[in-house]
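Take a look at the structure set out below.
First listed ligand is number 1; within each ligand, the first listed atom is number 1. In this chain, residues are counted from 1 in sequence order.
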Amino acid sequence: MWLSGGRMASVGRQSFGSCFRVLGRRGCNTAAVMPEAAGFEGVSDRSDLQDFSVCSSDSFWAAVARQRLSWIRPFHTVQDCDLSQGRIRWFEGGKLNVSVNCLDRHVHTCPERVAVIWERDEPKSEVKLSYRQLLEMTCRLGNLLRRRGVKKGDCVTIYMPPCPLAVASMLACARIGAAHNVVFAGFSADALAERIRDAQSSTVITVNQGVRGGKVIELKKTVDAAIQSCPTVQQVFVAMRTENPVVMTAKDVAMEEEMAKEDTVCEPAGMDSEDTLFLLYTSGSTGKPKGLVHTQAGYLLYAALTHRYVFSYHDGDVFSCVADIGWITGHSYSVYGPLANGGTTVLFESTPIYPDPGRYWEMVQRLKINQFYGAPTAIRLLLKYGDKWVHKYDRSTLKTLGSVGEPINTEAWEWYHRVVGQGRCPVVDTWWQTETGGICIAPRPADPDAEIVPGMAMRPFFGIKPVLMDTEGKVVTSNDTSGALCIAQPWPGMARTIHNDPQRFTETYCQPYPGYFFTGDGAYRSKEGYYQITGRLDDVINVSGHRIGTAEIEDVLNQCSAVAESAVIGFSHSIKGQGIYAFVVLKKSIDVQEADVTRQINDMASKKIAKYACPDYIQFAQRLPKTRSGKIMRRVLRKVVDSELEGLGDLSTLDDPEVVQEIIQGHHDLLSKQQPQ
Ligand code: AMP
């Protein structure tokens, strides 16, 4: 019934290359396409440039860093990296300020250019801010943070929906040298508290209430609840997103009122290239989220370069990444990449179906969007509503369509290309992750007439050398084969470590394949040498593009008083990409109704993590299939849920093979009585 999460989507072999022919293949002038490449010796076409970026990586990145970023002091060493040791350092000796790179230098050349278009939840009520206005807002906030004691090296937690003040908060931290820790405003109080504690923040920035899909969300109340268990928090800045007053405590600071008292000039801190720019928490295969650390120069450079070249972003274009700023996609492609390039970026506060399923395309028409970057889960949802919602609006401004967060199936890709993009916009399926800082594999940049294969990320970005590993840890050299996806050499955008846990960083990413960065994903390399991501290799699932560890959910389930043990797995879901399937064994000593436990589990999952962590299915079982040493055989559970009963594999190591029949029967009974939630 369901496809296995890890199984490859079928790949249509159609090529859409001919639709994009602009320049002749060999006649393409590299320096015209990428001015930074003008001085590279022996580089006359795009493929030379890719080789140069990998084989002469120091020369490539040095030239790009000098030309793309404004430095207070130039760097003396391009890179000092040793992946086997987990040492990653770029542009040492250099000093710069990220907010100056994102704001001041554009204010000098084009102060009135629109930096941010805030597409508020309320339809047709967008707000535009010029670079001058965004710099002023950032400076006032930077001064306020400084006046209230935030210092270089502190970490400020930001719990806000996408809005200009959230962007200004990120940039104000960068201006004064504080790190930021943006927490997705859909996370619960417990999840927020865990991240505040780990980041040791003394300052939190939030809004009184959020508004999404026409509903009011009590964000300040969530912060109030979270900081009860965060002794480090001394102050909470509260901005007013709605007009409704909220109860202010002694720790709370009325943000806009206080900002109004501040100067619009704020001295930028000179930051070392390797100082922390931000922490961003993401899920791993244990119950504890990891705070990945990104630093100043390398991250900014990589976000800017990928934004420019993957999406063919040009001056004057309007770029719209509809991800929330609480995820890495929002960081790199709603904020840092576009602003470093002096671009116009749209911040999307709403949902794809509010007030109706035409929301994205009405926005494209009204704001004259040129590049649209979204998630497969939303595309699949909109596809189900039919073409009429797309056809209603003029999409002639669109030039590039992007996809991110999870594999995009061929049907969704083709609909996106044919219906949304009218068959004339390249669709770029971009593969990357919180750890990589920016896009690593995508169909573009490439020669303008190079083919794009539906549902495939395809080509490595400049400086990226992907490799596939076999089960013995050896590099697979042939094509038309699959393996564990690693990256063979460092690049400036990669995360440097895990906050408070450098050991976990090396163990997770550097030790599985010594000398290589292990992504945790599997990939297939086609006969032509193109990459297609096949899914996670670890116990991490991807629900609507949100990454979550099965262990995180199990931790929550096991906290329910009636639950003896549980096992959580992902399954293929037609809209969400993957759904959550939980097997639960109840304590024998407790007399409870399954319906009550289901309610309790859902409450706990939303309270401890977020709504998207609630299981789609809960199967109550007498016991779970285990090896004689007591390990749960998740492989068997996955096969049952995927209806692959033929391929259950070797069951001889099971403690009691009869359990499998009970599980199969239970699964069958559950499906016959329940639709997914
Ligand atoms: P996150 O760090 O939350 O952005 O999640 C990163 C993970 O999402 C990756 O490790 C992949 O498993 C998945 N992912 C992101 N982009 C793609 C893509 N274009 N195709 C397939 N999987 C993707």
Side-chain angles (χ1 to χ4, degrees), residues 5-9 11 182-184 186-187 278-285 289-292 294 303 306 310 321 323-334 373-380 401-410 412-413 416 427-444 452-461 464 466 482 484-487 493-495 498 508-509 517-524 530-550 552 570 572 576-578 610 612-613:
R7 192 192 291 168
M8 228 178 329
V11 180
V182 182
V183 178
F184 171 56
F187 273 122
F278 64 85
L279 311 182
L280 187 59
Y281 285 83
T282 188
S283 296
S285 45
K290 40 194 179 184
L292 287 155
H294 282 282
T306 45
V310 171
C321 163
D324 193 281
I325 50 153
W327 311 116
I328 190 70
T329 309
H331 281 57
S332 300
Y333 300 110
S334 294
Y373 193 27
T377 183
I379 304 300
R380 285 191 293 266
L401 297 170
S403 165
V404 62
E406 44 167 326
I408 177 161
N409 50 309
T410 313
W413 193 100
Y416 202 24
V427 172
V428 289
D429 172 15
T430 62
W431 175 85
W432 61 296
Q433 41 186 205
T434 308
E435 292 83 343
T436 67
I439 295 162
C440 286
I441 308 183
R444 294 286 190 267
I452 295 185
V453 181
M456 254 198 173
M458 298 184 78
R459 304 180 175 93
F461 188 71
I464 299 294
S482 298
L485 178 65
C486 291
I487 301 180
M494 68 191 298
I498 293 175
T508 312
Y509 305 108
F517 173 83
F518 175 47
T519 66
D521 280 323
Y524 162 75
Y530 301 144
Y531 289 87
Q532 180 181 33
I533 310 305
T534 50
R536 298 289 307 185
L537 297 174
D538 52 14
D539 288 323
V540 170
I541 51 185
N542 193 326
V543 180
S544 304
H546 303 322
R547 198 164 135 178
I548 187 159
T550 52
E552 269 177 280
S572 182
K576 299 198 263 185
Q578 281 191 293
Y612 67 81

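In summary, Lys290 and Glu552 do not engage in a salt bridge, as defined by a charged side-chain N under 4.0 Å from a carboxylate O. Between Arg380 and Glu406, at least one side-chain N (NZ, or NE/NH1/NH2) sits under 4.0 Å from a carboxylate O, which counts as a salt bridge.
Taking the six-membered ring wherever Trp is involved, the centroid distance between the rings of Phe517 and Tyr509 falls below 6.0 Å.
In this structure the side chain of Thr430 reaches within 4.5 angstrom of the side chain of Tyr373, judged on heavy atoms. You'll find the side chain of His331 reaches within 4.5 Å of the side chain of Val182, heavy atoms only.
Close approach of ligand 1 to Asn542 (heavy-atom distance below 4.0 Å) involves ligand atoms 8 (O), 13 (C). Each of the atoms 18 (C), 19 (N) of ligand 1 lies under 4.0 Å from some heavy atom of Asp429.
The nearest protein atom to atom 5 (O) of ligand 1, hydrogens excluded, is given as Arg547 CD, 3.3 Å; this is a heavy-atom distance. Atom 6 (C) of ligand 1 has Gln433 CB, 3.4 Å as its closest protein atom, hydrogens excluded (heavy atom only). The protein heavy atom nearest to atom 18 (C) of ligand 1 is Glu406 O, 3.5 Å. In this structure, atom 21 (C) of ligand 1 lies nearest to the protein heavy atom Pro407 N, 3.1 Å. Nearest protein heavy-atom contact of atom 13 (C) of ligand 1 is Gly405 O, 3.4 Å.
Using the six-membered ring where Trp is involved, Phe187 and Trp327 have ring planes that are perpendicular, over 60° apart on the 30 and 60° scheme. Between Trp432 and Tyr333, the ring-plane angle classifies as perpendicular under the 30° and 60° cut-offs.
The backbone N or O of Pro443 sits less than 3.5 Å from a side-chain atom of Arg459, completing a donor-acceptor pair.
Residue contacts with ligand 1, taken as heavy atom pairs separated by less than 4.0 Å, involve Asp521 solely via side-chain atoms from C-beta onward. In Thr430, the part holding a heavy atom less than 4.0 Å from any atom of ligand 1 is the backbone. At a 4.0 Å heavy-atom cut-off, ligand 1 touches Trp432 through the backbone alone.
Taking distance alone, with nitrogen or oxygen atoms compared against 3.5 Å, Thr434 approaches ligand 1 more closely than that limit. Taking any N or O of Arg536, backbone or side chain, at least one lies under 3.5 Å from an N or O belonging to ligand 1.
The closest approach between Trp327 and ligand 1 stays at or above 4.0 Å for every heavy atom of the residue. At a 4.0 Å cut-off, not a single heavy atom of Gly520 sits close enough to ligand 1 to count as contact.
Exactly one of Ile487, Thr436, Thr306, Ile439 qualifies for a side chain to side chain contact (heavy atoms under 4.5 Å, CB included) with Ile464. That residue is Ile487.
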